Amino acid sequence: MKIFAVGMNYGLHNKELDGTFYKPEAPVIFTKADSALLKNGKPFFIPDFMGRIDYEAELVVRICKLGKNISQRFAHRYYDALTVGIDFTARELQKKLRDAGQPWEICKGFDGSAALGEWVEKDKFLNVQQLRFHLDINGETVQEGYAGDMLFQIDELVSYISRYFTLKTGDLLYTGTPVGVGPVHINDYLEGYLEERKVLELRCK
């Protein structure tokens, strides 16, 4: 199983981080180790030696069959379910790595950094590119997203990634986070919603 993730895929989030609303020339792709996966409501243990850890709520797509060099027009055939996940990010470390032009894996791919909700079959939705999702912390909504705001849409991402990596059944794609990221703290209770369906819940420790 491979975990792919997309950076800088919502313009307002880019402005939030860098002060400018912009679209990258191509999707910004990075990977997470399989030990990053956190599911079934297990707690997220905040790594206290990594500085500030931010939540980044995202739509996550589940790849359902083998594919390589997938045409964008056929990309929808290669995923069968979606959920909400959290791309936990060591924000201060990320800034240092970005400033130095170094890879992101340490700040993005550490153990437990890819929280994953319960899957909802794709055929439950009329159009996955019109889905809304949100994240609540301690009962208050802190982040809201609309898939239509993605700079690179889901089918574009699946097609693009498949040029470089053979996609296999069970691979995951975190599609990027909207504006509104922020830090997590011990005892925070996180709940992720896909439309109005709660698909994710976990506590920070």
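Note that these values count all heavy atoms, side chains included, but never hydrogens, waters or copies made by symmetry. If you're wondering where the values come from, they're calculated on a predicted model, not measured in any experiment.
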Residue list, side-chain hydrogen bond (donor to acceptor under 3.5 Å, both in side chains) with [X], at least two apart or on another chain:
{"X": "Glu191", "value": "Lys198"}
{"X": "Asp123", "value": "none"}
{"X": "Asp171", "value": "Lys2"}

Within the side chain of [X], is there an N or O that forms a donor-acceptor pair under 3.5 Å with the backbone of [Y]?
{"X": "Thr89", "Y": "Asp87", "value": "yes"}
{"X": "Gln129", "Y": "Ala147", "value": "yes"}
{"X": "Glu118", "Y": "Leu200", "value": "no"}
{"X": "Lys42", "Y": "Ala115", "value": "no"}
{"X": "Asp111", "Y": "Ala36", "value": "no"}
{"X": "Thr177", "Y": "Ala57", "value": "yes"}
{"X": "Thr175", "Y": "Leu59", "value": "yes"}

With a distance cut-off below 6.0 Å to the six-membered ring centre and an angular limit of 45° from the axis, does [X] pair with [Y] as a cation-pi contact?
{"X": "Lys23", "Y": "Phe152", "answer": "yes"}
{"X": "Arg132", "Y": "Tyr146", "answer": "yes"}
{"X": "Lys122", "Y": "Tyr79", "answer": "yes"}

Closest non-hydrogen atom pair, [X] against [Y]:
{"X": "Glu16", "Y": "Val181", "value": "OE2-N, 3.3 Å"}
{"X": "Ser71", "Y": "Ser159", "value": "C-OG, 4.0 Å"}
{"X": "Asn187", "Y": "Asn138", "value": "O-OD1, 4.0 Å"}
{"X": "Val184", "Y": "Cys204", "value": "CB-SG, 4.0 Å"}
{"X": "Leu82", "Y": "Trp119", "value": "C-CE3, 3.5 Å"}
{"X": "Phe88", "Y": "Gly112", "value": "CD1-O, 3.8 Å"}

Are [X] and [Y] joined in one hydrophobic group, where the rule is that I, L, V, M, F, W and Y side chains link up if heavy atoms are under 4.5 Å apart?
{"X": "Met8", "Y": "Met150", "result": "no"}
{"X": "Val142", "Y": "Ile46", "result": "yes"}
{"X": "Ile29", "Y": "Tyr164", "result": "yes"}
{"X": "Val61", "Y": "Phe125", "result": "yes"}
{"X": "Val84", "Y": "Ile154", "result": "yes"}

With rounding to the nearest 0.5 Å, note down the distance linking [atom1] in [X] to [atom2] in [Y].
{"X": "Leu135", "Y": "Glu58", "atom1": "CG", "atom2": "CD", "answer": "11.0 Å"}
{"X": "Glu196", "Y": "Phe133", "atom1": "CD", "atom2": "CZ", "answer": "13.5 Å"}
{"X": "Thr31", "Y": "Phe165", "atom1": "OG1", "atom2": "CZ", "answer": "6.5 Å"}
{"X": "Lys39", "Y": "Thr83", "atom1": "NZ", "atom2": "OG1", "answer": "12.0 Å"}
{"X": "Asn9", "Y": "Gln153", "atom1": "CG", "atom2": "CD", "answer": "9.5 Å"}
{"X": "Phe4", "Y": "Leu173", "atom1": "CZ", "atom2": "CG", "answer": "8.0 Å"}

Heavy atoms, side chains only, cut-off 4.5 Å: are [X] and [Y] in contact?
{"X": "Asp136", "Y": "Leu190", "value": "no"}
{"X": "Leu97", "Y": "Pro103", "value": "no"}
{"X": "Leu66", "Y": "Thr166", "value": "yes"}

Geometric class of the Trp104/Phe30 ring pair [parallel <30°, tilted 30-60°, perpendicular >60°]: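 If you compare the ring of Phe30 with that of Trp104, the planes turn out tilted.
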Parallel, tilted or perpendicular: ring planes of Tyr193 versus His134, cut at 30 and 60 degrees: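 Tyr193 and His134: parallel rings.
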Stepwise side-chain contact (heavy atoms from CB on, under 4.5 Å) test for Phe44 and Ile86: CA-CA 11 Å; Phe44 172 63; Ile86 301 174; over 6 Å; no
Trace of the side-chain contact (heavy atoms from CB on, under 4.5 Å) decision for Lys65 with Arg77: CA-CA 8 Å; Lys65 64 178 181 177; Arg77 300 178 181 178; 4.2 Å; yes
Check against side-chain hydrogen bond (donor to acceptor under 3.5 Å, both in side chains), Ser113 and Lys108: CA-CA 7 Å; Ser113 62; Lys108 286 281 196 177; over 6 Å; no
Residues Arg62, Asp80: salt bridge by 4.0 Å N-O rule: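 Answer for the salt bridge query: yes.
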Has [X] got more than 12 heavy atoms of other residues, nucleotides or ligands less than 6.0 Å from its [atom1]?
{"X": "Glu121", "atom1": "CD", "value": "yes"}
{"X": "Lys68", "atom1": "NZ", "value": "yes"}
{"X": "Arg73", "atom1": "CZ", "value": "no"}

side-chain contact (heavy atoms from CB on, under 4.5 Å) between Leu37 and Leu172, intermediate numbers included: CA-CA 10 Å; Leu37 193 62; Leu172 307 179; 3.7 Å; yes
Test side chain to side chain donor-acceptor pair (under 3.5 Å) applied to Gln94 and Arg91, Arg98, Glu92, the passing residue: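 Checked Arg91, Arg98, Glu92 against Gln94; only one passes side chain to side chain donor-acceptor pair (under 3.5 Å): Arg91.
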Test of ring centre spacing under 6.0 Å for Phe74 and Tyr78: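 No.
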CA sep, side-chain torsions, deciding dist, call: Tyr174, Leu116, side-chain contact (heavy atoms from CB on, under 4.5 Å): CA-CA 10 Å; Tyr174 284 65; Leu116 187 70; 3.8 Å; yes
